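Take a look at the structure below.
Please read all numbers here as calculations on a predicted model, not as lab measurements.
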Amino acid sequence: MANDSFIHVIDKFFASFMLIMYLLRLASLFNNARPSNFFLQLAAFCFALFSFMKSQDAQEINEVEGFKFWHNLWHCFPLNLIIIEEYDRFILGKYDAQEENKKLAIAKKKHS
């Protein structure tokens, strides 16, 4: 569980870098996205950090099964983000498009 190889060092570097980049993305989403999208992504981020910390705890006490479970949940973070983005785009986006079409139809009736 604690084999430090060159690949492991690279993995830790990129994970840290991508975590910082994602924090910047969250800051951008705060003002530029639906509140539901922002809070879902914030919740996914917090759960990913929680999973990572639990995997570290399991690793410290040499609990292999716990480490596997929590570390795999940490790696599900990108999948969670894909699901949130697709929900926002295809479900909520269609709702927005329908609302926009209704507004355009009302505006056309007023001008006719």
Running the 4.5 Å side-chain criterion over Ile, Leu, Val, Met, Phe, Trp and Tyr, what cluster does L40 land in, apart from itself? I84
To which residues is I83 joined in a hydrophobic cluster, defined by side-chain heavy-atom contacts under 4.5 Å among Ile, Leu, Val, Met, Phe, Trp and Tyr, whether direct or through other members? L79
Test of understanding: with side chain to side chain contact (heavy atoms under 4.5 Å, CB included), list the residues that count as partners of [X], not counting sequence neighbours.
{"X": "A48", "answer": "W74, F77"}
{"X": "S36", "answer": "R34, L92"}
{"X": "A43", "answer": "none"}
{"X": "I10", "answer": "F6, F14"}

Mind jotting down which residue pairs meet the side-chain hydrogen bond (donor to acceptor under 3.5 Å, both in side chains) criterion with at least one end in residues 9-21? Sequence neighbours excluded, please. none
Inter-residue atom distance [X].[atom1] - [Y].[atom2], 0.5 Å rounding:
{"X": "N80", "Y": "L73", "atom1": "CG", "atom2": "CG", "answer": "8.5 Å"}
{"X": "N37", "Y": "F39", "atom1": "CG", "atom2": "CZ", "answer": "11.0 Å"}
{"X": "L24", "Y": "L29", "atom1": "CG", "atom2": "CG", "answer": "11.0 Å"}
{"X": "F67", "Y": "N62", "atom1": "CZ", "atom2": "CG", "answer": "11.0 Å"}

Going through the checks in order, is the side-chain contact (heavy atoms from CB on, under 4.5 Å) test met by V9 and F13? CA-CA 6 Å; V9 172; F13 171 77; 5.7 Å; no
Evaluate the side-chain proximity of D57 to W70: yes if any heavy-atom separation is below 4.5 Å, no if none is. no
Would you say F30 and L26 make side-chain contact, with heavy atoms under 4.5 Å? no
Correct closest heavy-atom pair for G66 and A58 would be C-CB, 3.7 Å
Minimum heavy-atom separation for F45 to L23, with atom names? CZ-CD2, 3.5 Å
Can you pull the salt bridge (Lys or Arg N to Asp or Glu O under 4.0 Å) pairs that have at least one residue in residues 36-50, sequence neighbours excluded? none
Using residues 49-56 as the side-chain source, report each donor-acceptor pair under 3.5 Å to any protein atom, sequence neighbours left out, with the distance given to one decimal.
residue, atom, partner, partner atom, Å
S51, OG, F47, O, 2.9
S55, OG, F52, O, 2.7

Over 60° means perpendicular and under 30° means parallel, so classify the ring planes of H71 and H75, tilted if in between. perpendicular
Suppose we screen for side chain to side chain donor-acceptor pair (under 3.5 Å). Which residues come up paired with E85, at least two apart in sequence or across chains? R25, Q41
Going by the rule ring-ring contact (aromatic ring centres under 6.0 Å, His included), which residues pair with Y87 if we only count those two or more places apart in sequence or in a different chain? none
